Participant: 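Have a look at this one.
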Protein chains: 2
Amino acid sequence: MSVMPSANESADDASEIWAVLRALFRDHRLRFLTAAGELNLHPAQAGALLQLHEPLPMHELAAKLACDKSNVTGLVDRLTARGLVTREPSASDRRVRQVMLTPGGQRARARLLAEVGAPARSAMRRLSAEEQRQLLALLRKATETESH
Amino acid sequence: MSVMPSANESADDASEIWAVLRALFRDHRLRFLTAAGELNLHPAQAGALLQLHEPLPMHELAAKLACDKSNVTGLVDRLTARGLVTREPSASDRRVRQVMLTPGGQRARARLLAEVGAPARSAMRRLSAEEQRQLLALLRKATETESH
DNA sequence: TATTGTTATACTCTATAACTATA
DNA sequence: TATAGTTATAGAGTATAACAATA
């Protein structure tokens, strides 16, 4: 009564896809750690720089980093001491301090992004324009959130 | 003289793919941190459990975790204190100690894998068997290493 | 009352260097 | 000599709880 012989193959494909993705995750993490180390940044510090594409209040930065806000105080202290970020008081709420990148922080962030994204650019070069279109469509369908 | 009008579109697709992958990486990292926290494990401890699908010498575990071997001593000490791993002397080299999961460690590892992999399983359900085949083929082509 | 950011505390991670015991 | 693992040390991350300033 096996009307759908592709069911098993499908499950295998899904497992294989997950294996490929896990390898991508590992590789991405290693690239990130290496890039951070080359800049003499602790992973948490590098992660903060990547989040700061726009100024963020301390507590929002804590939320993005998935850690307690008390940790962000020292983290931003040390990034400030290295001249990579500044704390600016918020105009609308005097409790809030906006953390933003200095020019040096922007340069460090750009270097991180360039190094972490390098293998992805190589990978894309292995695909034709049509294949890239297909891949994007499939990834979007697989990851699309059901926001109706 | 623009003979290839798809060049620009291709670059856009590649950027979009990279954006989707970055979102996947962030989500995966957050899932991992959450799953580790629910087990009262430090991220480094959870990472060690995930690497220990097979027994590993201390220095190999250090290599997989991309950290100095001196750190692994304390890491394994604490995992041992919690009954999640054991250190067994190697039969072939008396300098080496094999780190391996206890039954409790295997349960913790299984829980981590289940929680971290959950969104990937949901994503695969959004694709047909044929689409999964296509996605796997594209990912493999994009990530294949030129080992000739 | 609730929220933002800080401080205090305790534990863990991390890199470096020096040490031992093996190879 | 080189390698595996440990120890010592110093700096950084992390969670929790308590606090002052502001909303």
Side-chain angles (χ1 to χ4, degrees), chain A residues 29-30 32-52 55-100 108, chain B residues 29-30 32-52 55-100 108:
Chain A
R29 183 75 187 160
L30 276 181
F32 170 73
L33 293 175
T34 302
E38 289 172 357
L39 291 171
N40 269 307
L41 290 170
H42 193 284
Q45 297 175 335
L49 292 188
L50 289 185
Q51 293 293 347
L52 287 169
L56 290 177
M58 303 283 287
H59 71 281
E60 284 191 23
L61 182 54
K64 302 245 187 195
L65 297 176
C67 73
D68 192 85
K69 57 192 164 75
S70 65
N71 301 317
V72 178
T73 298
L75 184 66
V76 170
D77 281 349
R78 286 178 282 273
L79 288 175
T80 300
R82 292 187 53 177
L84 299 174
V85 306
T86 56
R87 256 185 277 231
E88 306 291 344
S90 166
S92 55
D93 187 334
R94 285 161 58 191
R95 295 173 302 180
V96 172
R97 293 172 184 277
Q98 300 281 347
V99 186
M100 61 182 63
Chain B
R29 183 72 188 162
L30 277 181
F32 170 73
L33 293 175
T34 302
E38 288 172 358
L39 291 171
N40 268 307
L41 290 170
H42 193 285
Q45 297 174 336
L49 293 188
L50 289 185
Q51 294 292 348
L52 287 169
L56 290 177
M58 302 283 286
H59 70 283
E60 285 192 21
L61 182 54
K64 302 244 186 194
L65 297 176
C67 74
D68 192 87
K69 55 191 165 74
S70 65
N71 302 317
V72 178
T73 298
L75 184 67
V76 170
D77 282 348
R78 287 178 282 273
L79 288 175
T80 301
R82 292 187 53 176
L84 298 175
V85 306
T86 57
R87 255 185 278 232
E88 306 292 343
S90 165
S92 55
D93 187 336
R94 284 162 58 191
R95 296 174 301 181
V96 172
R97 292 171 184 279
Q98 300 280 349
V99 186
M100 59 182 63

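Bear in mind that the values here come from a model prediction, so they are computed numbers and not experimental data. Per chain, numbering begins at 1; letters A, B, ... match sequence-line order.
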Participant: Just N and O in the side chain of A/R94: are any of them under 4.0 Å from OP1 or OP2 of D/dT22?
Facilitator: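 It does, given that an N or O in the side chain of A/R94 lies less than 4.0 Å from OP1 or OP2 of D/dT22.
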
Participant: With a 4.0 Å heavy-atom cut-off, tell me which residues in residues 81-92 of chain A come close to DNA chain C, sorted by residue number.
Facilitator: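 Going residue by residue through residues 81-92 of chain A, the ones with a heavy atom under 4.0 Å of DNA chain C turn out to be A/R87.
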
Participant: Categorize A/P57 for me: base, sugar-phosphate, or nothing, with a 4.0 angstrom heavy-atom threshold over every strand shown.
Facilitator: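 Sugar-phosphate, no base atom in range.
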
Participant: A/R97 has a side chain; which of D/dG5, C/dT4, C/dT6 sits nearest to it?
Facilitator: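 The listed nucleotide nearest to A/R97's side chain is C/dT6.
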
Participant: Send over the distance from A/M58 CE to D/dT22 P, rounded to a whole Å.
Facilitator: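 Rounded to whole Å, this separation is 16 Å.
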
Participant: Can any side-chain N or O of A/Q45 pair as donor or acceptor with the backbone N or O of A/H42 at less than 3.5 Å?
Facilitator: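 The answer is yes, because a donor-acceptor pair under 3.5 Å joins these two groups.
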
Participant: Quick one: on DNA chain D, does B/D77 or B/P43 contact a more 5' nucleotide (nearest heavy atom)?
Facilitator: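 By nearest-heavy-atom nucleotide position, the 5'-most residue is B/D77.
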
Participant: Would you kindly give the CZ-to-C1' distance between B/R78 and D/dT6, to the nearest whole Å?
Facilitator: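 B/R78 atom CZ is separated from D/dT6 atom C1' by 13 Å.
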
Participant: How far apart are the C-alpha atoms of B/L41 and B/L84, what are their side-chain angles, what is the distance that settles it, and do they pass the side-chain contact (heavy atoms from CB on, under 4.5 Å) test?
Facilitator: CA-CA 11 Å; B/L41 290 170; B/L84 298 175; 3.9 Å; yes

Participant: B/R87: which residues meet the side-chain hydrogen bond (donor to acceptor under 3.5 Å, both in side chains) condition with it, sequence neighbours left out?
Facilitator: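 side-chain hydrogen bond (donor to acceptor under 3.5 Å, both in side chains) list for B/R87, sorted by chain: B/D77.
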
Participant: Which heavy atom of A/L39 sits nearest to which heavy atom of A/R82, and what is that distance?
Facilitator: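 Here A/L39 and A/R82 meet closest at O-NH2, 3.2 Å.
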
Participant: Between A/H42 and A/H59, which has a closest nucleotide on DNA chain C that is more 5'?
Facilitator: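 On the 5' side of the pair lies A/H59.
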
Participant: Quick check: on DNA chain C, is the nucleotide nearest B/L75 upstream (toward 5') of the one nearest A/N71, or the reverse? Name the residue that is more 5'.
Facilitator: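 It is A/N71, whose closest nucleotide lies nearer the 5' terminus.
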
Participant: Provide, to the nearest angstrom, the distance between the CG atom belonging to A/L61 and the P atom belonging to C/dT3.
Facilitator: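 After rounding, the reported distance stands at 19 Å.
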
Participant: Got a donor-acceptor contact below 3.5 angstrom from the B/Q51 side chain to the B/A48 backbone?
Facilitator: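 Such a contact is absent between B/Q51 side chain and B/A48 backbone.
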
Participant: Could you check whether the side chain of B/S70 and the base of C/dT14 have a donor-acceptor pair of N or O atoms closer than 3.5 Å, going by distance alone?
Facilitator: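 Per atom types, no contact qualifies.
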
Participant: Calculate the interatomic distance between B/K69 atom NZ and D/dA2 atom P; express it in whole Å.
Facilitator: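 After rounding, the reported distance stands at 14 Å.
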
Participant: Distance check: side-chain N/O of B/Q45 vs OP1/OP2 of C/dT12, anything under 4.0 Å?
Facilitator: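 False: B/Q45 side-chain N/O out of range (4.0 Å or more) of C/dT12 OP1/OP2.
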
Participant: Side chain of B/D93, heavy atoms from C-beta onward: which of C/dA23, D/dG5, C/dG5 has the nearest atom to it?
Facilitator: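 Minimum distance to the B/D93 side chain belongs to C/dA23.
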
Participant: So among B/T80, B/V85, B/L79, which one has a side-chain contact (heavy atoms from CB on, under 4.5 Å) with B/V99?
Facilitator: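 The side-chain contact (heavy atoms from CB on, under 4.5 Å) with B/V99 is passed solely by B/V85 among B/T80, B/V85, B/L79.
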
Participant: To the nearest angstrom, how far is A/L41 atom CG from C/dT14 atom P?
Facilitator: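 Rounded to the whole Å, the gap is 16 Å.
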
Participant: Provide, to the nearest angstrom, the distance between the CD atom belonging to B/Q98 and the C1' atom belonging to D/dA4.
Facilitator: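 Taking atom C1' of D/dA4 as the reference, CD of B/Q98 is at 12 Å.
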
Participant: With nearest nucleotides of DNA chain D determined for B/L56 and A/D68 from heavy-atom distances, which residue corresponds to the more 5′ nucleotide?
Facilitator: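 It is B/L56, whose closest nucleotide lies nearer the 5' terminus.
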
Participant: Working to the nearest 0.5 angstrom, can you tell me the gap between A/H59 NE2 and A/K64 NZ?
Facilitator: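 Answer for the NE2-NZ pair, A/H59 versus A/K64, is 11.0 Å.
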
Participant: Less than 3.5 Å between a donor and an acceptor, one on the side chain of A/R95 and one on the base of C/dT3, is that the case here?
Facilitator: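 Under the 3.5 Å cut-off, the side chain and the base do form a donor-acceptor pair.
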
